[in-house]
Trainee: 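First the structure, which I've put down as structure tokens, then a few questions once you've had a look.
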Amino acid sequence: MSSYSRMGVAIWTAAEDIEQGSLKVGKDGISLTLDSGKELSYRTRKSVEYTVNSEIILRMNGKSELIPLAKPIRISLNPQILVWRPYQASIGQTIEDIYPQSTYGFYGRMRGEINDTLYIIQKIKDDTRFWLTIADPITNTIFETYAIQYYESEALSLFDIDSFRRSIYRDIGIREISAAKKFMSIIEGAPPSWRDLSKLLSNVSIPGLEIKKTMRETLSQLIPNSFPVSIREELIAFFAYVVRDELIVEDPVDLSFHLLSVPMLGALLRGHQRCMIDGTEWPPYIKLMTLAARGHLESPKRALPEFVKNSPWMLFWQKCVELFPNWLDTAIQTAEELNQKGRLVLGLPNRRTDAKRSMTAWRNRLATTTYNLRIMGNVEPTSIGLSELAYIGAAYRWPHRHMKFIARLGAIGENTPHLQIMTLPLNAAERIRRIIPSAIGIDWTIRTSNLKLFDKTTKNWAVPTDRIIDSLSEEKSLKGLQKLYSFKKPSKTHSISAKEAKAIDFITPGADLAELENPMYMKYFGFTNRQLRNILSELTQRNIVQLSYEVSDERLVSLATVAQGKSQKIISLTESLLENSPTSLAMLTPDGSRAIILSKMPEASVYELARGLPKYGFEQDLIVRCMRPTTFKSYTHDLYQRLLREDGTWDDDVSAFLSQARSKRRELSESNA
């Protein structure tokens, strides 16, 4: 790949003083070197500007090329944004799941998610655009640099919640690397006996298999060479624990954190421990792994992302998870007890001291850790002076500061609809609706979790799909629905502090109780357990936040139901989905004639509803669409923090979102011309 380490620039050190020099990139961003040898950085000279006469773009072949500009561009040295993001130059240009499409296709390369690279955003003098530089500061290599649109620059400052959490887990995993190495060291021990090895093989024949000098050398013969080296190492360690046939009695929470840097080993060990405790036969690991490597392994029953289906080792991992003993009933019972008591608990209710004395308590901690027992915070935006908008369409998909979450409804494609939810002040919402009339005003939002639908005997969810479909023929009132869920508009609007905004951001996406026991994890959010407890207690007393406890079941899949028509029938459907699905998030317009409901339920139930609701809705003169969310990106982990200004007011600058709309209209105009 061709790239550039320096660019010649004209440097403005004062109002009209111009000197020649060059530009280079370091970990702190861009610095300038005058021909005299003097170096300038934004840390030492805030007012410095420089002029570029060319841009660097990446061609389809993965090579960078220096292209002269039609006219010079003057840029402020001070960076607006300085972030590390994934970058994969070798892929050239890819199909982008974004609209409007990115300048020179950089978004697709950023989604390649290979190596972290430095992205720098700077202001351009007398221009609404910004200047982007993508570079490797270690080698002082500039891959790309050119002007981008405002909405592109704002998107680079936002992390979705999954990326944010992965960065925390990666950091903690590095800190826990010594503990992980201790668990991985088993592979350097003595080899297993033929008797021990036979426990693992279970009617699988491995030609030429022999006992070698170490556990690693012996067990590596079982693992396909096509698997990545790091995955092979984790699997060798896992199989070593299987043949050793000893229960790891370390506290489940500690074990999870110790194995963050080796996630497959951690997940498989937790599942295998459940087999050992229940005394059940474990999955035929070697057989499943061999079938996966050959492309013959039957997929798990639940829906999986394409990248998992196309990865043999991840498919093996998920198939094992499906076959491990189901302890969800234990986790659900614990969550139900917490909800009934209504206490604020920031940690697993079965304490580690109890687990040291009792296998029952230890088992409970393993179950609640495995199924992510968590505390959820539900916030009514109007209680703190905010409102919400929904937009369903193929356009305006760039993340912006007011975006709460965005979901793609259906398979990837240029015109695939996306559901976007925005949280913003009322005046900003009105401004958007004037320019984009198709934006939907949300007046009422509620989220439910119905743990009672889980049948502890069959260990499956019982979703009455016929009852949900039949609800379209019934009529309910909005007032009755609000009364059912004890919802009422706040009598006054509360102001919140920066600390309270941080606590709300922490709790609304859901916080695993196991993670709350780890001071290292809490440190990333700037809280101690006691501080968080005090703030949440205050917020619940002021009716700003409602708290509940939930668990995760990865077998559940998502369904988006969008309905429009007679309000009483739409409200009836909304109430039924809220009451009869494992989890649902419902959003209604002020008159109740339009509803957007996001639900999670078993795949068979999703299929029945997706087939039955639109058909029966048509018979009832309603428009009902059922779509499968195939991607979901949430930006809630710092939503209220980034919107709350220093003076206590809410940020109402929606230009980053609206500039996408102007861009689309301009492109349509040029296309029509």
Trainee: Side chain of E517, backbone of G347: donor and acceptor closer than 3.5 Å?
Mentor: no
Trainee: Under 3.5 Å, is there a donor-acceptor pair between the side chain of S581 and the main chain of L578?
Mentor: no
Trainee: Would you give the length of the straight line joining atom OG of S584 to atom CD of E579, rounded to the nearest 0.5 angstrom?
Mentor: 11.0 Å
Trainee: Are any of the side-chain nitrogens in E336 or K452 under 4.0 Å away from the carboxylate oxygens of its partner?
Mentor: no
Trainee: Nearest 0.5 Å, please: how far is CD in Q546 from OH in Y485?
Mentor: 12.5 Å
Trainee: To the nearest 0.5 angstrom, please state how far the CD atom of E608 sits from the SG atom of C626.
Mentor: 12.0 Å
Trainee: Indicate yes or no: at least one non-hydrogen side-chain atom of D354 is less than 4.5 angstrom from one of N364.
Mentor: no
Trainee: Answer yes or no: is there a donor N or O on one side and an acceptor on the other, between the side chain of Y119 and the main chain of P86, under 3.5 Å?
Mentor: yes
Trainee: For the OH atom on Y521, are there more than 12 heavy atoms of other groups (residues, nucleotides or ligands in this structure) within a distance under 6.0 Å?
Mentor: yes
Trainee: Inspect the surroundings of CD in E298 and state if more than 12 heavy atoms from other residues, nucleotides or ligands are less than 6.0 Å away.
Mentor: no
Trainee: Do D162 and R165 meet the salt-bridge criterion of a basic N to acidic O distance under 4.0 Å?
Mentor: no
Trainee: Under 3.5 Å, is there a donor-acceptor pair between the side chain of N326 and the main chain of L328?
Mentor: yes
Trainee: Would a distance-only check, ignoring hydrogens and angles, find a side-chain to backbone donor-acceptor pair under 3.5 Å from R232 to I223?
Mentor: yes
Trainee: Can you tell me how far apart CG (L268) and CH2 (W317) are? Round to the nearest 0.5 Å.
Mentor: 7.5 Å
Trainee: Between P312 and N310, what is the shortest heavy-atom contact and its length?
Mentor: CD-O, 3.7 Å
Trainee: Return the orientation label for the F525 and F164 ring planes: parallel under 30°, perpendicular over 60°, tilted otherwise.
Mentor: perpendicular
Trainee: Donor-acceptor pair, N339 side chain versus Y549 backbone, under 3.5 Å?
Mentor: yes
Trainee: Go through the structure and list residues passing side chain to side chain contact (heavy atoms under 4.5 Å, CB included) with E337, not counting sequence neighbours.
Mentor: Q333
Trainee: For a 4.5 angstrom cut-off between non-hydrogen side-chain atoms, does F405 reach L598?
Mentor: yes
Trainee: Kindly compute the distance separating NZ (K287) from OG (S205), expressed to the nearest 0.5 Å.
Mentor: 13.5 Å
Trainee: Flag yes if more than 12 heavy atoms outside K356 fall under 6.0 Å of its NZ atom; otherwise flag no.
Mentor: no
Trainee: For D505 and Q641, indicate whether the former's side chain and the latter's backbone hold a donor-acceptor pair under 3.5 Å.
Mentor: yes
Trainee: Got a sec: does the NZ of K600 have more than 12 other heavy atoms crowding it under 6.0 Å?
Mentor: no
Trainee: Using atom types as modelled and distance alone, determine if a side-chain donor or acceptor of T368 lies under 3.5 Å from a backbone N or O of L373.
Mentor: no
Trainee: Looking at Q273 and I248, would you say the former's side chain and the latter's main chain have a donor-acceptor pair under 3.5 Å?
Mentor: yes
Trainee: Give a yes or no on whether the backbone of L118 and the side-chain of R85 come within a donor-acceptor separation of less than 3.5 Å.
Mentor: no
Trainee: For K456, does the NZ atom sit with more than 12 other heavy atoms under 6.0 Å from it, leaving out its own atoms?
Mentor: yes
Trainee: Measuring from S163:OG to K633:NZ, what's the distance to the nearest 0.5 Å?
Mentor: 5.5 Å
Trainee: Is L516 close to M522 at the side-chain level, that is, under 4.5 Å between some pair of heavy atoms?
Mentor: yes
Trainee: Measure the acute angle between the ring planes of F183 and Y241, then classify it against the limits of 30° and 60° as parallel, tilted or perpendicular.
Mentor: tilted
Trainee: Is any side-chain N of the basic residue among R363 and D278 closer than 4.0 Å to the acidic one's carboxylate O?
Mentor: yes
Trainee: With a 4.5 Å cut-off on side-chain heavy atoms, are L219 and I187 touching?
Mentor: no
Trainee: Might you work through the salt bridge (charged side-chain N to carboxylate O under 4.0 Å, His left out) test for R216 and E233, ending with a clear yes or no?
Mentor: CA-CA 8 Å; R216 178 204 293 272; E233 292 283 290; 2.5 Å; yes
Trainee: Check F257 against A514 and note the closest heavy-atom contact, atom names and distance.
Mentor: CE1-O, 4.1 Å
